[in-house]
A.B. asks: 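Dropping the structure in here first, questions after.
Remember, it's a predicted structure, so these values are computed and weren't measured experimentally. Naming convention: chains lettered A, B, ... in sequence-line order (proteins, then strands); numbering from 1 in each chain.
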Number of protein chains: 2
Amino acid sequence: MSAPVAPVRQDWMREHNLSLALLVVLRAAEPVSRAQVAALTGLSRAAVTNIVDRLVETGLVRELAPVALPRGRPAVPLVPVRGAVAALGLEVNVDYLGVRAFDLTGELVAEQVVHADLRGSDPQEVAARLAEVAAEVRAAVLAQGSQIAGGTLALPGLIDSSSVLRTAPNLGWRDLDALQLLPAEVVGGVVGFTVANEADLAARAEVRARLHENEKPSFFYVSGEIGIGGARVLAGEVNAGRHGWAGEIGHVVVGSTPGAGLIRLEDVAGQHALLAAAGRPGAALTELLAALESADAQALAAVGEAGRALGIALSAVAHISDVDEAVLGGTFASLFDVLAGPVEQALAELVVFSDWAPVRVSRARAGDYAAMTGAACTVIDRLVASPALWSLARSRS
Amino acid sequence: MSAPVAPVRQDWMREHNLSLALLVVLRAAEPVSRAQVAALTGLSRAAVTNIVDRLVETGLVRELAPVALPRGRPAVPLVPVRGAVAALGLEVNVDYLGVRAFDLTGELVAEQVVHADLRGSDPQEVAARLAEVAAEVRAAVLAQGSQIAGGTLALPGLIDSSSVLRTAPNLGWRDLDALQLLPAEVVGGVVGFTVANEADLAARAEVRARLHENEKPSFFYVSGEIGIGGARVLAGEVNAGRHGWAGEIGHVVVGSTPGAGLIRLEDVAGQHALLAAAGRPGAALTELLAALESADAQALAAVGEAGRALGIALSAVAHISDVDEAVLGGTFASLFDVLAGPVEQALAELVVFSDWAPVRVSRARAGDYAAMTGAACTVIDRLVASPALWSLARSRS
DNA sequence: TGGATAAATTCACGGCGTCAACAAAACCCG
DNA sequence: CGGGTTTTGTTGACGCCGTGAATTTATCCA
């Protein structure tokens, strides 16, 4: 949320403080009282009384029964209303498509994933299948009385600011308006519908997974799939860049051949290249994992090489973006035990500031289908950032 | 200026709108009237009347004589007060040190630069010399009745958030508290004094140089000096990263030797390496420029190689940070005519999104001593961001 | 001289957070 | 068993801020 270069009026101020209070209620491990909200936000108790009343009116927050304290008047605990709102996270990836729904607190409410090989698929047809899945999740959510707050679609490709998918090489899709692709009953019925890059959204899910230990984590998220993408997170915010396609680490140069040809990260650590180097071209990832399990020398060497290349690419990220943690996600999370060593070694060797701020390497914690989760998170973020707007939109419908 | 994760009160709102109005007055090509400020900011004329009155009270803005319009009541033009405020930009670099003073509008008011070879110099001694120069510039500024709004020191090295200079390899300095180094009469008398990286500040100066054509430019600034640094600018804001040392493009890997050794950008395009490759190890840059002028084959080849390496490093920047313009500054600005071609070619060849958003390459426009200029700019930025705070500080002194 | 036009100002109004006072609901101790 | 204590939550006066409409000011033009 960046400060607007626009006049600020009282309603903006109210919106901001409303959002602040809502965030405190959402993020608290235990239910908080009005007095605690006041203490945590820095607002006066009087203001918080008023603000919380409005949040209760909009149905986003609920009061529990008062609980006795060691001393003084009992406090009224405040909790987010679970059933009130559902956020949809959709995804089309190379080997599956699916939809997830989360409530305000980030709890999974409904989900449906279909596995399929979507390489070189027809966008129209895939969109129709996604719409079906979305309709089912939608129905499940509505059945339990939730309002749908919006949706975000994750795609493995470059998406520019007008929601046009420029290219998704592994799907074989090019120059599609991703919003127009989806039928109106998916997009139209939903207040806000957006499209974003899969790696950026997975990084957002990773932020969520780390919230309990760090409110504002900073790291570079690496999404190892068929291709290799990534996203930089600074103080809890995903940094998508000028057009929204930052983090394309797969195309970073990591070396050269004697003939002066350049080697990019994907040429070494992309899934096809990695399997080929491991002596299993065209095989599934599980085969590689099994080979590593049984200490297959060629497989270990291939992953080691990939790790070194990834470390070189990440050293470029560290120098250019100044991050001190690299989070390995996607298939790289499965390969973590073999991969992390060479990555760390290359980073220690190459990064100039590794003496003061060594780049840590860690495994992603966001779990499966991180991009879907992250997609829903962005919807919740939008809602939390402007609760009054939401209640307005709700009352209109 | 990012939105605070803190309660917003009316005084914050006032400060914001005050800042907004001041910015409009500063940035306008022609003096603007209150009515124009209202139109440009989106505030009501009533509010602008009040706000401008306060800006006039603080002495930051002045009214000119009313000028007749084609129709209607004459407008009262508003202009920034030139003599009111002076911002100091200080710099210690490898071959010079100096101080510049700018007024509110960004006009140069006073300046003093001393050339000297500061490689391997003693920090204490250099600080004393800088203090002398600063005292003279200070005196010149005070003589014309300006108040000093603050100062920023530019250093060619990694500076962390607590203003400690971790390392400046080309000065041979390490682990210094840059603020404690300067005598109290330089730092103490000044409201806000900060330290920052030379390339980050030069990038800030570049933003200033481009304001008239683009309010919020985005680019990657390359600072070619003895070493090679840089800074990413997104929508007019310099992005310094987690610790403030982003943009260290000189250490990015651009290839490898057959023996599996890695080649970093500085190994090819750093000033020492470049001069050596041109057959003039240890020479001055002017010699290389002369050789290029006379079409010396070895010099041209060396710069061409450096350009290709720079292009490879910038392709990493483009993929990681998604920028669509690279600005070549420092010595690279002088070499621009020879350098730009190979850089552009490498970028076109390597950047995946060059079809939709080709990375432009341009010469820096910030002029000499860009870091000093940018250092003063950050001081002015702080002042403009909180005009009320400034008037408070002023009334206390 | 009167009308048109646009800048700048004034003022009543409603919204918002603060502050201080107060009410409410427990607990403790004599 | 009842007053004192403590902390929560509410209330109302207050001051500040931007809005919007009405008003004043200043110039040009017919």
A.B. asks: Carefully, step by step, assess A/Thr373 and A/Arg208 under the rule side chain to side chain donor-acceptor pair (under 3.5 Å).
C.D. replies: CA-CA 9 Å; A/Thr373 304; A/Arg208 166 175 166 277; 5.2 Å; no
A.B. asks: I'd like to check the side-chain hydrogen bond (donor to acceptor under 3.5 Å, both in side chains) partners of A/Asp381; sequence neighbours left out, ordered by chain and number.
C.D. replies: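 Here the qualifying residues are A/Arg204.
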A.B. asks: Please report, rounded to the nearest Å, how far the C1' atom of D/dT19 is from the CZ atom of A/Arg14.
C.D. replies: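 Going from CZ in A/Arg14 over to C1' in D/dT19 covers 18 Å.
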A.B. asks: Can you tell me how far C1' of C/dT18 sits from CE of A/Met13, to the nearest Å?
C.D. replies: 10 Å
A.B. asks: Provide, to the nearest angstrom, the distance between the CD atom belonging to A/Glu63 and the P atom belonging to D/dT8.
C.D. replies: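 To the nearest whole Å, that distance equals 15 Å.
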A.B. asks: Could you list the donor-acceptor pairs under 3.5 angstrom formed by side chains in residues 45-55 of chain B, with sequence neighbours left out?
C.D. replies:
from, atom 1, to, atom 2, distance (Å)
B/Thr49, OG1, B/Arg45, O, 3.1
B/Asn50, OD1, B/Arg14, NH2, 2.6
B/Asp53, OD1, B/Arg34, NH2, 3.4

A.B. asks: Under the side-chain contact (heavy atoms from CB on, under 4.5 Å) test, which residues partner B/Ala246, sequence neighbours left out?
C.D. replies: A/Asp322
A.B. asks: Below the 4.0 Å mark, does D/dG18 have OP1 or OP2 next to a side-chain nitrogen or oxygen of B/Asn17?
C.D. replies: yes
A.B. asks: Judged by each residue's nearest nucleotide on DNA chain D, which is more toward the 5′ side, A/Ala75 or A/Gln10?
C.D. replies: A/Ala75
A.B. asks: Going by side chain to side chain contact (heavy atoms under 4.5 Å, CB included), B/Leu60 matches just one of B/Leu18, B/Val85, B/Val81. Which one?
C.D. replies: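 Per the side chain to side chain contact (heavy atoms under 4.5 Å, CB included) rule, the option paired with B/Leu60 is B/Val85, out of B/Leu18, B/Val85, B/Val81.
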A.B. asks: Taking only residues two or more places apart in sequence or in another chain, which ones pass side-chain contact (heavy atoms from CB on, under 4.5 Å) with A/Pro80?
C.D. replies: A/Val25, A/Leu26, A/Leu104, A/Thr105
A.B. asks: Mind calculating the distance between CH2 (A/Trp12) and C1' (C/dG14) to the nearest angstrom?
C.D. replies: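 Going from A/Trp12 (CH2) to C/dG14 (C1'), I get 20 Å.
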A.B. asks: Please give, in whole Å, the distance from C/dG15 P to A/Leu18 CG?
C.D. replies: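 About 15 Å, once rounded to whole Å.
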A.B. asks: For DNA chain D, find the residues of residues 38-54 of chain B with a heavy-atom distance under 4.0 Å and give them by number; none if there aren't any.
C.D. replies: B/Leu43, B/Ser44, B/Ala46, B/Ala47, B/Arg54
A.B. asks: Holding to salt bridge (charged side-chain N to carboxylate O under 4.0 Å, His left out), I want the full list of residues that pass it with B/Arg71, two or more places apart in sequence or in another chain.
C.D. replies: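 B/Arg71: no salt bridge (charged side-chain N to carboxylate O under 4.0 Å, His left out) contacts found.
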A.B. asks: Using salt bridge (charged side-chain N to carboxylate O under 4.0 Å, His left out) as the criterion, list what pairs up with B/Glu325, not counting sequence neighbours.
C.D. replies: B/Arg210, B/Arg360
A.B. asks: Given atom CZ of B/Arg9 and atom C1' of C/dC19, what is their separation to the nearest angstrom?
C.D. replies: 12 Å
A.B. asks: If the condition is side-chain hydrogen bond (donor to acceptor under 3.5 Å, both in side chains), which residues does B/Gln144 pass it with, not counting sequence neighbours?
C.D. replies: none
A.B. asks: Is there any protein nitrogen or oxygen under 3.5 Å from a nitrogen or oxygen in nucleotides 25-30 of chain D, and what are the pairs?
C.D. replies:
from, atom 1, to, atom 2, distance (Å)
D/dT25, O2, B/Arg73, NH1, 3.3

A.B. asks: Using heavy atoms to find the nearest nucleotide of DNA chain C for A/Asp11 and B/Ser33 separately, return the residue whose nucleotide is more 5′.
C.D. replies: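 Nearer the 5' end of the strand: B/Ser33.
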